[in-house]
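In listed order, ligands and their atoms are each counted from 1. What you are looking at is a predicted structure, and each value in this text was computed from that prediction instead of being measured.
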Amino acid sequence: MSLDLFDEAALHQPPRVEQIGPQTFVLRAFALPFIDELLPPLRALLKVAPFRRMVTPGGQTMSVALSNCGALGWTTDARGYRYTPLDPRTGQPWPALPAAFRRLATQAAALAGFADFIPDACLVNRYVPGARMSLHQDRNERDYDAPIVSVSLGLPAMFQMGGLQRSDRPLRVPLLHGDVMVWGGIDRLRFHGVLPLKEGTHAVMGAQRINFTLRKAG
Ligand code: SIN
Ligand code: FE2
């Protein structure tokens, strides 16, 4: 995988930490030093559990395609949102959480003030141009003590970080290849979403954005 000059330069920068809430942080370029360790296992897990578009309980097919790795995977169908140990497509366990994913998550969480974060679930989202995710809270996890660590790869996206009420006006946070967001504690249930992805082609990832979100679900 070749890096473009900006990525190459960013590899040697310390992460820039932006605090956008009491316990919400954007760690700029944090994932870039991990990238060569992330992409091969990402490709491998997608062979076992390919991206698929799921249906919400309300009957809408999501514009984002998803997969999972780790002991638990997030799924949705007509019966609701939930975590399952098996991929409903195959009846097999989700692929194991790659060690580099876990390491990245633990280190990013620590930098944001959340010590000893050990994720057991990783939702992998694929956005093509036009795909979006409407404002929602992450609330299918068993408890809300652990933070959320969210890694952006590929095309830039406009992330929306709202408040604890759906009606709170969201902040717009541009997320670039390699950026990591961490939120938890009193910010754990903030509403968030992603505006429709703009057309483009990323030098490393192509015409898509891949986001993976590490959580402690069980
Ligand atoms: C999510 O909330 O699961 C996805 C967030 C993102 O794609 O940045
Ligand atoms: Fe979410």
Side-chain angles (χ1 to χ4, degrees), residues 18 20-21 23-31 38 42 46 49 51-57 60 62-70 72-76 80-84 94 97 101 104-105 108-109 112 119-142 144 146-166 168 170-185 187-198 200 202 205 207-217:
E18 294 171 16
I20 61 165
Q23 291 187 282
T24 307
F25 298 84
V26 186
L27 313 180
R28 297 290 180 194
F30 187 85
L38 298 178
L42 178 63
L46 290 172
F51 283 125
R52 76 291 302 267
R53 289 175 65 193
M54 290 187 178
V55 176
T56 66
Q60 301 284 330
M62 294 175 70
S63 59
V64 173
L66 62 84
S67 181
N68 288 281
C69 57
L72 292 168
W74 186 87
T75 66
T76 172
Y81 303 125
R82 62 197 174 279
Y83 282 94
T84 62
W94 296 104
L97 188 68
F101 285 37
L104 187 166
D120 61 9
C122 178
L123 170 62
V124 187
N125 291 310
R126 175 179 196 252
Y127 297 72
V128 294
R132 57 191 287 273
M133 193 168 292
S134 53
L135 280 180
H136 65 278
Q137 293 170 298
D138 288 2
R139 52 185 319 148
N140 301 125
E141 298 72 28
R142 190 190 300 280
Y144 303 141
I148 309 278
V149 175
S150 174
V151 181
S152 291
L153 300 176
L155 287 176
M158 191 60 83
F159 189 86
Q160 296 179 291
M161 182 50 94
L164 296 175
Q165 308 296 325
R166 186 180 288 279
D168 293 340
L171 290 172
R172 288 184 169 205
V173 185
L175 292 180
L176 305 181
H177 182 66
D179 290 346
V180 176
M181 289 217 23
V182 183
W183 67 96
D187 286 339
R188 175 64 178 71
L189 289 176
R190 287 178 77 170
F191 280 86
H192 58 280
V194 177
L195 293 178
L197 198 76
K198 296 224 165 81
H202 185 267
M205 304 301 294
Q208 62 179 347
R209 168 177 188 257
I210 291 183
N211 164 264
F212 54 90
T213 305
L214 295 127
R215 307 183 173 114
K216 187 173 165 353

Of all the atoms in ligand 1, which lie at a distance below 4.0 Å from a heavy atom belonging to [X]?
{"X": "F159", "answer": "5 (C), 8 (O)"}
{"X": "H192", "answer": "2 (O)"}
{"X": "N125", "answer": "1 (C), 3 (O), 4 (C)"}
{"X": "V194", "answer": "6 (C), 7 (O), 8 (O)"}

Please tell me if the side chains of [X] and [Y] come closer than 4.5 Å, counting only heavy atoms from C-beta onward.
{"X": "M62", "Y": "T56", "answer": "yes"}
{"X": "F191", "Y": "Q160", "answer": "no"}
{"X": "R209", "Y": "S152", "answer": "yes"}
{"X": "T75", "Y": "R82", "answer": "yes"}

In the protein, which heavy atom is nearest to [atom], and how far is it?
{"atom": "atom 1 (C) of ligand 1", "value": "M133 SD, 3.5 Å"}
{"atom": "atom 8 (O) of ligand 1", "value": "R209 NH2, 2.9 Å"}
{"atom": "atom 7 (O) of ligand 1", "value": "Y127 OH, 2.5 Å"}

| Closest to the Fe ion (ligand 2), which N/O/S atom of H192 is it? |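 The closest N, O or S atom of H192 to the Fe ion (ligand 2) is NE2.
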
| message | To check your reading of the site, what angle at the Fe ion (ligand 2) do OD1 of D138 and NE2 of H136 form, to 10°? | response |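 The two atoms form an angle at the metal of about 90°.
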
| said: Which label fits W183 and F159: parallel for a plane angle under 30°, tilted from 30 to 60°, or perpendicular past 60°? | reply: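 Tilted.
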
| Per-residue contact class, R215 against ligand 1 - non-hydrogen pairs under 4.0 Å |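 Near ligand 1, R215 shows its side chain, while the N, CA, C and O stay back.
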
| said: Taking A49's backbone N and O only, do any of them form a donor-acceptor pair with S67's side chain (distance below 3.5 Å, no angle check)? | reply: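 Present.
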
| said: Is it true that, when you exclude R142 itself, more than 12 heavy atoms of the residues, nucleotides or ligands shown sit nearer than 6.0 Å to its CZ? | reply: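 Atom CZ in R142 is not packed in, count stays at 12 or less.
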
